[in-house]
Amino acid sequence: MRDVVGLATGSGSSDRPIGPGHTALLDPSVPAPPLVDFHYDAAIVGLGYVGLPTALTFHTNGFRVAGVDISQPRLAAIRAGEVDALASDNVRLAKALCDEDGFTLTDDLAIVSTAEAVLVCVPTPIDEHLLPDLTALRAACQSVVRLAQPGQVLMLTSTTYVGCTHDLLVRPLEERGLRVGRDVFVAFAPERIDPGNADFAQYDVPRVVGGVTPTCTQRATATLRGCSVELYQVRDARTAEMTKLYENTFRAVNISLANEFADISTTLGLDITEVIDAAATKPFGFMPFYPGAGIGGHCIPCDPHYLLWQLRAARVSAPLIETAMTSVALRPGRVTRRAIDLLGRRGLPVEDARVLVLGVAYKPGVADVRESPALEIMRRLATAGARVSFADDRVSTVDIPGHTVEKVTDPQDRTWDLVVVQCVHPQSDLDWLRRQPTVLDATYRLADLPGRELP
Ligand SMILES: NC(=O)c1ccc[n+]([C@@H]2O[C@H](COP(=O)([O-])OP(=O)(O)OC[C@H]3O[C@@H](n4cnc5c(N)ncnc54)[C@H](O)[C@@H]3O)[C@@H](O)[C@H]2O)c1
């Protein structure tokens, strides 16, 4: 077993302060766990947008890593080096794939019993009723608990409700006869990765960690030094769970406010982007958020619902968050109505109108369409009878139940009845939009486009 505390790491110093939260001290009343010679330093369960970069960061920092995923297609894509990831992660992946002993990929969860630390990074989506879908997290935790070994550090990193670490790890571990804080060490350490954003490497972003006991925090911190330069310890796992929910609810509420200000600005004949950029010159007390066609991705449209769901059980209301999330959910419908309205103004019925949705990923720079507002806009337009196509350099297909929506690679060679711009990837050539009769700019970023329309 390698000494993680003294780890010499990449870009920053591992000696940076742990953060002002709490000083974790070894609890002398807790006997040392039995010495087990684990083969791997860390096992990452779930190798998606979060888990794969996490595995690569640990590996880059000298950890022996086991990556586990139940999806064969995902494992095949990783092995082939064909993943939607930052260029820097693809370089690290190529190196890791050459390190047979230090970087193992498998669909066999049994491997987690051979790792000193286990990090669970599986999806925590919402269902069609906007309720938490804990299927993947429950399944992963059940396996981790069943396979847990004395001395292991077990961490949840998937975003979830407050108390989930206790419900899915602590209680079942204790039912198995393993004392948390003595036999095994359990913590919640939320992930802050921003896929597609090369400005903030995962390693350079401070990481919050809260253990079930002080020793759990200490042990989890030692592990996490392998994937983050700065650890911020909080009182316990529940505080860490709530921290993540606050971060993402903060974003959701503020994006919802930006959308509302965008609508007000359009009514008043003002350019919202200019307004936000001007406000952002204030060096304190303001943080810019930008409007759009809605909110997509696996985090912001989902995570606040984990909080609202648990608050409903406690009969606690959170009207501000409820309103923001309702507004977020209604946004793609508003964009669609505006699209149909614009067609109508030109005397074009939506039935058989040729509509292009440009950019269907949920944000620039990624191929991820989960919860993308584009999906709902395309579904609604197709349901209304439009002939809908899409263009997106990073996305090859979309699944719109009940409809066939084709990808076009040459959108610039046609004249569309309407182009709805939902997302613009970096380095996109948009000059051809100037030749289109009607462009609905749901990104609010195409200020120079003559005759653009806003939602
Ligand atoms: N994507 C983001 O931007 C982001 C950022 C911060 C936090 N998060 C959180 O991180 C978590 C993971 O998100 P993601 O975007 O990486 O999800 P993802 O869907 O990209 O990847 C999850 C992976 O887990 C695998 N998986 C599912 N069940 C499994 C199981 N029982 N055992 C092993 N593997 C299993 C899936 O096959 C998939 O490859 C979520 O809770 C999310 O809210 C995501």
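Indexing begins at 1, ligand by ligand and atom by atom, following the structure's order. The analysis underlying the following values was restricted to heavy atoms, covering all of them including side chains, and did not include hydrogens, waters or symmetry mates.
Inspection of the Tyr306 and Thr159 side chains reveals no N or O donor paired with an N or O acceptor under 3.5 Å. At a cut-off of 3.5 Å, with distance as the only test, no side-chain donor of His298 or Asp368 sits close to an acceptor on the other residue. A donor and an acceptor atom, one from each side chain of Gln218 and Gln233, are nowhere located under 3.5 Å apart. There is a side-chain donor-acceptor pair under 3.5 Å between Asp277 and Tyr290. In the model, Thr135 has a side-chain atom that pairs as donor or acceptor with a side-chain atom of Asp133 under 3.5 Å. In this model, no donor atom of one side chain and acceptor atom of the other lie less than 3.5 Å apart for Tyr203 and Asn61.
Considering Leu137, Leu52, Val122, Asp303 only, the shortest heavy-atom separation from atom 11 (C) of ligand 1 involves Val122. Here atom 27 (C) of ligand 1 lies nearest to Pro123 when heavy atoms of Ser158, Gly46, Pro125, Pro123 are compared.
With hydrogens left out, the protein atom closest to atom 9 (C) of ligand 1 is Thr159 OG1, 3.7 Å, a heavy atom. In terms of protein heavy atoms, atom 7 (C) of ligand 1 is closest to Glu191 O, 3.7 Å. Atom 38 (C) of ligand 1 has its closest protein heavy atom at Asp69 OD2, 3.4 Å. In this structure, atom 34 (N) of ligand 1 lies nearest to the protein heavy atom Ile70 N, 3.5 Å. Summary of contacts: the protein heavy atom closest to atom 13 (O) of ligand 1 is His298 CD2, 3.3 Å. Looking at atom 21 (O) of ligand 1, its nearest protein heavy atom turns out to be Gly48 CA, 3.1 Å.
Note: Phe58 and Phe63 have tilted aromatic rings, judged against thresholds of 30 and 60 degrees for the angle between ring planes.
Against a heavy-atom cut-off of under 4.0 Å, Thr124 is close to the following atoms of ligand 1: 40 (C), 41 (O), 43 (O). Those atoms of ligand 1 with a heavy atom of Ala140 less than 4.0 angstrom away are 31 (N). Less than 4.0 angstrom separates some heavy atom of Arg370 from each of these atoms of ligand 1: 15 (O), 17 (O), 18 (P), 19 (O), 20 (O). Atoms of ligand 1 found under 4.0 Å from any heavy atom of Ser71 (numbered from 1 in listed order, with element): 37 (O). Atoms of ligand 1 lying under 4.0 Å from at least one heavy atom of Val45, given by number and element, are 32 (N), 33 (C).
Contacts between Arg74 and ligand 1, counted as non-hydrogen atom pairs separated by less than 4.0 Å, involve the side chain only. For Lys244, every heavy-atom contact with ligand 1 shorter than 4.0 Å involves the side chain, none the backbone. The proximity of Cys299 to ligand 1, defined as any non-hydrogen pair under 4.0 Å, is limited to the side chain.
Taking Phe261 as the reference, nothing meets the ring pair (Phe, Tyr, Trp, His ring centres under 6.0 Å) condition, with sequence neighbours excluded.
Between Pro195 and ligand 1 there is a heavy-atom distance shorter than 4.0 Å.
No option in Val112, Val122, Val120 other than Val112 meets the side chain to side chain contact (heavy atoms under 4.5 Å, CB included) test with Val68. The only option from Thr57, Val118, Leu119, Asp69 that meets the side chain to side chain contact (heavy atoms under 4.5 Å, CB included) definition with Ile44 turns out to be Leu119.
Sorted by first and then second residue, the salt bridge (Lys or Arg N to Asp or Glu O under 4.0 Å) pairs involving residues 147-159 (not counting sequence neighbours) form an empty list.
For ligand 1, none of its N or O atoms has an N or O atom of Arg192 under 3.5 Å away. At least one N or O atom of Tyr49, backbone or side chain, sits closer than 3.5 Å to an N or O atom of ligand 1. In terms of polar-atom proximity, Val50 is counted as a contact of ligand 1, with an N or O under 3.5 Å from an N or O of the ligand.
The closest donor-acceptor contact from the side chain of Lys363 to the backbone of Pro195 lies under 3.5 Å.
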